[in-house]
Amino acid sequence: MATYLVQLIVGDYEIVDGGTVALPDGGELALTHVVPAGRSEVFVAAIEGIGERMRFFEERFGPYPLDRYGLAFVNDLTNLAMETQGRSLFGARDFADGRVGYFQELLLSHELAHQWFGNAVSPAAWTDIWLNEALTTYAQWLWLDHVDLQPLEGYADAMLRQRQSGSGSTGAPTLDDMFGFNRYDGGAVVVHALRAEIGEVAFFELMSRWVADHVGTSQSTETFIELAEQVHGGELGGFFDAWLYADTLPDSYP
């Protein structure tokens with residue numbers, strides 16, 4: 001486990017047994033949640049959706065790569081979430097009305113996808129952080145499209161237009177912009193372009209193999225590019241120069 005993914009919660013909370021989720025290999029994954037004491041009913045809707053989200057990502061990225069999962073809802077946190085390993089962290093106030101709408105689905109899907117991209121396989125250096133955030137944000141795009149909350153193609157086009165007004169590249173962040181737009185939605189633009197470049201089958205093979213081949217390790221952008229070229233069966237240096245490392249991207253997807 002990367003040390004930044006350790007979770008420590010102090011306060012008046014209770015632990016909730018969330019049962020299990022069936023895994024593709026026939027096994028089961030135990031779910032354990034943390035909620036403010038006496039308020040477990042508020043978070044039922046968020047908790048009940050875990051199985052569907054997990055199965056959706058497993059179909060695209062391979063089996064859930066860790067040995068546990070759950071959700072933790074904490075006080076004094078809002079509009080933020082964190083992919084703490086094996087139990088994602090959320091602000092209780094963001095779920096206070098018991099409803100799971102667009103914003104809640106975004107948070108829940110994003111932090112779950114991080115268990116594949118960032119937790120199972122961590123970046124070799126902070127300059128490789130797009131491997132965490134861009135891949136995860138793209139997974140979030142896929143989920144929001146799946147639940148009819150954000151059409152994929154229209155949103156991808158809008159983010160490409162917005163990306164053109166940004167500064168710097170996705171693959172070479174500055175210290176001041178390490179967690180800026182170009183690593184999240186701007187980075188997901190690069191991932192969407194890669195999918196268009198290498199095709200549907202190769203793209204999801206790449207996503208699955210990235211996790212399966214490197215689970216439990218820290219890996220670099222160079223390793224990701226090497227695997228992409230291997231799966232694609234051809235050179236992709238020109239693509240990554242134009243999309244990952246360029247300050248200004250092409251006007252349209254491949």
Side-chain angles (χ1 to χ4, degrees), residues 1-2 5-7 9 13-35 39-74 81-90 92 94-95 98-122 132 135-150 152 191 195 200-201 203-217:
M1 180 193 295
L5 296 172
V6 173
Q7 182 183 92
I9 300 173
Y13 294 95
E14 62 181 90
I15 296 173
V16 176
D17 181 351
T20 61
V21 170
L23 298 177
D25 63 3
E28 294 183 332
L29 179 75
L31 302 175
T32 305
H33 314 296
V34 178
V35 301
R39 297 181 58 206
S40 60
E41 72 285 349
V42 174
F43 308 100
V44 168
I47 290 170
E48 286 182 340
I50 291 175
E52 184 181 358
R53 295 182 201 97
M54 188 168 289
R55 285 187 288 273
F56 179 84
F57 288 146
E58 285 181 328
E59 289 173 1
R60 288 152 181 82
F61 309 134
Y64 180 74
L66 304 177
D67 63 356
R68 68 196 69 186
Y69 193 60
L71 309 178
F73 301 93
V74 299
M82 180 67 187
E83 67 272 22
T84 41
Q85 187 147 334
R87 186 176 298 115
S88 298
L89 185 71
F90 305 93
D94 292 330
F95 294 80
R99 185 182 66 91
V100 176
Y102 172 84
F103 182 60
Q104 290 77 22
E105 288 286 9
L106 184 156
L107 293 177
L108 290 163
S109 61
H110 188 96
E111 305 313 331
L112 174 57
H114 260 310
Q115 308 302 316
W116 280 262
F117 306 116
N119 293 15
V121 185
S122 295
N132 282 25
L135 298 183
T136 294
T137 300
Y138 193 67
Q140 164 201 308
W141 286 11
L142 295 177
W143 172 254
L144 292 174
D145 177 72
H146 174 70
V147 294
D148 297 323
L149 290 174
Q150 180 179 278
L152 176 63
V191 181
R195 180 181 177 182
E200 195 85 356
V201 174
F203 175 78
F204 285 108
E205 180 184 348
L206 170 61
M207 295 296 100
S208 298
R209 283 192 53 187
W210 178 245
V211 178
D213 292 0
H214 300 298
V215 62
T217 68

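Side chains are part of it too, since the values below use all heavy atoms of this structure and drop only hydrogens, waters and symmetry mates.
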With a 4.5 Å limit on heavy-atom distance, are the side chains of [X] and [Y] in contact?
{"X": "L71", "Y": "L108", "answer": "yes"}
{"X": "W141", "Y": "V191", "answer": "no"}
{"X": "L5", "Y": "T84", "answer": "no"}
{"X": "L89", "Y": "Q7", "answer": "yes"}
{"X": "W210", "Y": "L135", "answer": "yes"}
{"X": "R195", "Y": "Y138", "answer": "yes"}
{"X": "L66", "Y": "W116", "answer": "no"}

Please identify each residue that fulfils salt bridge (charged side-chain N to carboxylate O under 4.0 Å, His left out) with E205, with sequence neighbours left out.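 Once residues adjacent in sequence are excluded, the partners of E205 under the salt bridge (charged side-chain N to carboxylate O under 4.0 Å, His left out) criterion are R209.
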In chain order, what residues pass the salt bridge (charged side-chain N to carboxylate O under 4.0 Å, His left out) check against R87, with sequence neighbours excluded?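 Once residues adjacent in sequence are excluded, R87 has no partner under the salt bridge (charged side-chain N to carboxylate O under 4.0 Å, His left out) criterion.
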Reported [atom1]-to-[atom2] distance for the pair [X] and [Y], which is rounded to 0.5 angstrom:
{"X": "S122", "Y": "N132", "atom1": "OG", "atom2": "CG", "result": "6.5 Å"}
{"X": "R53", "Y": "E105", "atom1": "CZ", "atom2": "CD", "result": "4.5 Å"}
{"X": "L112", "Y": "S88", "atom1": "CG", "atom2": "OG", "result": "6.5 Å"}
{"X": "F57", "Y": "S208", "atom1": "CZ", "atom2": "OG", "result": "12.5 Å"}
{"X": "L31", "Y": "I47", "atom1": "CG", "atom2": "CD1", "result": "9.0 Å"}
{"X": "L106", "Y": "W143", "atom1": "CG", "atom2": "CH2", "result": "12.5 Å"}

What pair of heavy atoms forms the shortest contact from [X] to [Y], and how long is it?
{"X": "N119", "Y": "E83", "value": "ND2-O, 2.8 Å"}
{"X": "A120", "Y": "V211", "value": "CB-CG1, 4.1 Å"}
{"X": "A46", "Y": "V100", "value": "N-CG2, 3.6 Å"}
{"X": "R60", "Y": "F204", "value": "O-CD2, 3.6 Å"}
{"X": "V16", "Y": "S40", "value": "CG2-CB, 4.2 Å"}
{"X": "L107", "Y": "A81", "value": "CD2-CB, 4.0 Å"}

So, [X] and [Y]: side-chain donor and acceptor under 3.5 Å apart, yes or no?
{"X": "T136", "Y": "H114", "result": "yes"}
{"X": "Y102", "Y": "Q150", "result": "yes"}
{"X": "T32", "Y": "Y69", "result": "no"}

Please say whether more than 12 non-hydrogen atoms of neighbouring residues, nucleotides or ligands are located less than 6.0 Å from CD1 in I9.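 Atom CD1 in I9 is packed in, count exceeds 12.
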Verify the ring-centre separation between [Y] and [X]: is it less than 6.0 angstrom?
{"X": "F43", "Y": "H33", "answer": "no"}
{"X": "F61", "Y": "F117", "answer": "yes"}
{"X": "F103", "Y": "F95", "answer": "no"}

Any donor and acceptor pair, going by atom type alone, linking the side chain of E52 with main-chain N or O of G49 inside 3.5 Å?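 Absent.
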Check step by step if side-chain contact (heavy atoms from CB on, under 4.5 Å) holds for F73 and D94. CA-CA 9 Å; F73 301 93; D94 292 330; over 6 Å; no
side-chain contact (heavy atoms from CB on, under 4.5 Å) for L23 and E58? Distances and angles first, verdict last. CA-CA 9 Å; L23 298 177; E58 285 181 328; 3.6 Å; yes
When you check the gap from the basic side-chain N to the acidic O, do E14 and R39 get nearer than 4.0 Å?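 A salt bridge is absent here (no side-chain N lies under 4.0 Å from a carboxylate O).
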